[in-house]
Amino acid sequence: MTQRINVTDFNLAATLECGQAFRWSRDADGWYTGVVWNEVWRLRQDGNNLEWQCSRGPARGQPNPLPEPRADSRLHDYLTLDLSLPAIVASFPQDAALQQAVEAHWGLRVLRQEPWETLASFIASSTKQIVQIRQIVAHLAERLGENGAFPAVERVARAELPALAACKLGFRAKYLLAAARMVESGAVRLAELPAMEYGRALEELLKIPGVGEKIANCTLLFSCGHHEAFPIDVHVQRSLKRLFPRRKLTPPKIRAHFGPYAGWAQQYLFYAERIRARPA
DNA sequence: CTCCAGGTGGCGC
DNA sequence: GCGCCACATGGA
């Protein structure tokens, strides 16, 4: 069964391919297939029309679409369709590079993903190319998850280090295991991050070994609703260097400059910079 | 072959 | 605080 909803100021391709999610792939016919929570979703956009299919259960094999009465609200929530993109963009500074990125990729939205999967995925991301991050996440889901879903905190916490290393995590395996155990034990209160003040939530995540400012900010932005979180990786660093040549930039100054939705601005800069470095 | 990838922790200074 | 470097693995 296919549901159709009307969308405005939304760009499915940019949203799913901008590097914030690692489980989406595009078919030849324009459908995107991904695993969200424990379900397989398929999405396709044609102008203001968004088509959505959902099937519970196995990620492998043929999806078995089922009617989903509350589908619309879950889809709206995941895609952050409740926020006004024009209002967000209006809060951005007038930097030419940022305005160009917004124009080029209009409709890119920061998703609301599941916090544990997001934290784990970005722990796996350090000094890895996006294609490899996708492979690691797929390995984790296939080898440790149930029916293709990303493995729950408890599953990872009880895994052996070699089993994680077999998912191509390399030296990051010990960090993922530590993160799972700290979340499971309550040493890191992952579920409470969305309700915490930004600075407090950042400190909470920095308790985890292998999690620094970059990974913590990715988790806060992409899964905890902290839109001011501004992850700085090598690409964004390059972009900032061009925007502000020989300027001393601290994270608080950067967040102040880009405003309450600094993280959204960051994602436009990141995507534009990555395409600039590696044209499609 | 070399260089680099959505980084971080540990070291010396 | 800073500047290095190791860390696993694979793509370009």
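Lettering follows sequence order; numbering is per chain, from 1.
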Categorize F22(A) for me: base, sugar-phosphate, or nothing, with a 4.0 angstrom heavy-atom threshold over every strand shown.
nothing
In terms of ring plane angle, is the pair F244(A) and H257(A) parallel, tilted or perpendicular, where the classes change at 30° and 60°?
perpendicular
Side-chain atoms of S126(A) come closest, of dG7(B), dA8(C), dG11(C), to dG7(B)
Could you state the atom-to-atom distance from CD of Q135(A) to P of dG11(C) in whole Å?
6 Å
Between C1' on dT9(C) and NE2 on H139(A), what's the gap in Å once rounded to a whole number?
12 Å
R134(A) has an atom CZ; how far is it from atom P of dG6(B), in whole Å?
12 Å
I'd like to know if K128(A) reaches the base of dT9(C) with its side chain such that a donor and an acceptor end up less than 3.5 angstrom apart.
yes
When you compare dG10(C) with dG9(B), how far apart are their C1' atoms, in angstrom units rounded to a whole number?
23 Å
Give a yes or no on whether the backbone of R109(A) and the side-chain of Q20(A) come within a donor-acceptor separation of less than 3.5 Å.
yes
With rounding to the nearest 0.5 Å, note down the distance linking CZ in R158(A) to CZ in R181(A).
10.0 Å
Can we say K214(A) and D233(A) salt-bridge, meaning some charged N sits less than 4.0 Å from an Asp/Glu carboxylate O?
no
With a non-hydrogen cut-off below 4.0 angstrom, is T127(A) in contact with a base, only sugar-phosphate, or nothing?
base
Please report, rounded to the nearest Å, how far the C1' atom of dC4(B) is from the CD1 atom of I130(A).
14 Å
Side chains of Q113(A) and S223(A) only: does a donor on one sit below 3.5 Å from an acceptor on the other?
no
Whole angstrom is fine here: how far is it from CG in L164(A) over to P in dA8(C)?
14 Å
Give the residues of residues 248-266 of chain A touching DNA chain B, defined as any heavy atom closer than 4.0 Å, sorted by residue number.
Q266(A)
ring-ring contact (aromatic ring centres under 6.0 Å, His included) evaluation trace for F92(A) with Y261(A)
CA-CA 8 Å; F92(A) 289 171; Y261(A) 292 92; 7.9 Å; no
Under a 3.5 Å cutoff, is there a donor and acceptor pairing between the side chains of R172(A) and S126(A)?
yes
Side chains of Y32(A) and E17(A): do they bring a donor and an acceptor to under 3.5 Å?
yes
What is the distance, rounded to the nearest whole Å, between atom CZ of R172(A) and atom P of dG9(B)?
13 Å
Under a 4.0 Å heavy-atom cut-off, which of residues 196-212 of chain A touch DNA chain B?
I208(A), P209(A), G210(A), V211(A), G212(A)
According to the interplanar angle, ranging from 0 to 90°, do the rings of W37(A) and Y78(A) count as parallel (below 30°), tilted (30 to 60°) or perpendicular (above 60°)?
perpendicular
Using atom C1' of each nucleotide, how far apart are dG3(C) and dG6(B) to the nearest Å?
22 Å
Taking the nucleotide of DNA chain B with the closest heavy atom to each, which residue, Y175(A) or F122(A), is nearer the 5' end?
F122(A)
Is it true that the side chains of W106(A) and N11(A) contain a donor and an acceptor less than 3.5 Å apart?
no
Parsed dot-bracket for DNA chain B after applying the Watson-Crick and G-U rules with both distances under 3.5 Å and | for other-strand partners is .||||.|||||||
CG of L75(A) to SG of C54(A), rounded to nearest 0.5 Å, is 9.5 Å
Please indicate yes or no: is the ring centre of F171(A) less than 5.5 Å from the centre of the six-membered base ring of dA6(C), with the two planes inclined by under 30 degrees?
no
Given the P atoms of dG11(C) and dT8(B), what is the spacing between them in whole Å?
23 Å
Value for CZ (F22(A)) from OG1 (T118(A)), rounded to nearest 0.5 Å, stands at 9.0 Å
Compute whether any side-chain donor of one residue and acceptor of the other, for E114(A) and W116(A), lie under 3.5 angstrom apart.
no
Using whole Å, report how far NZ of K174(A) lies from P of dA6(C).
15 Å
Rounded interatomic separation in angstrom, taking CD1 from I123(A) and P from dG6(B)
17 Å
Can you tell me if R238(A) touches the phosphate of dG6(B), counting only side-chain N or O atoms and a distance under 4.0 Å to OP1 or OP2?
no
Against the side chain of K168(A), the closest entry in dG6(B), dT9(C), dG7(B) is dT9(C)
Check: dG6(B) base within 3.5 Å donor-acceptor of Q267(A) side chain
yes
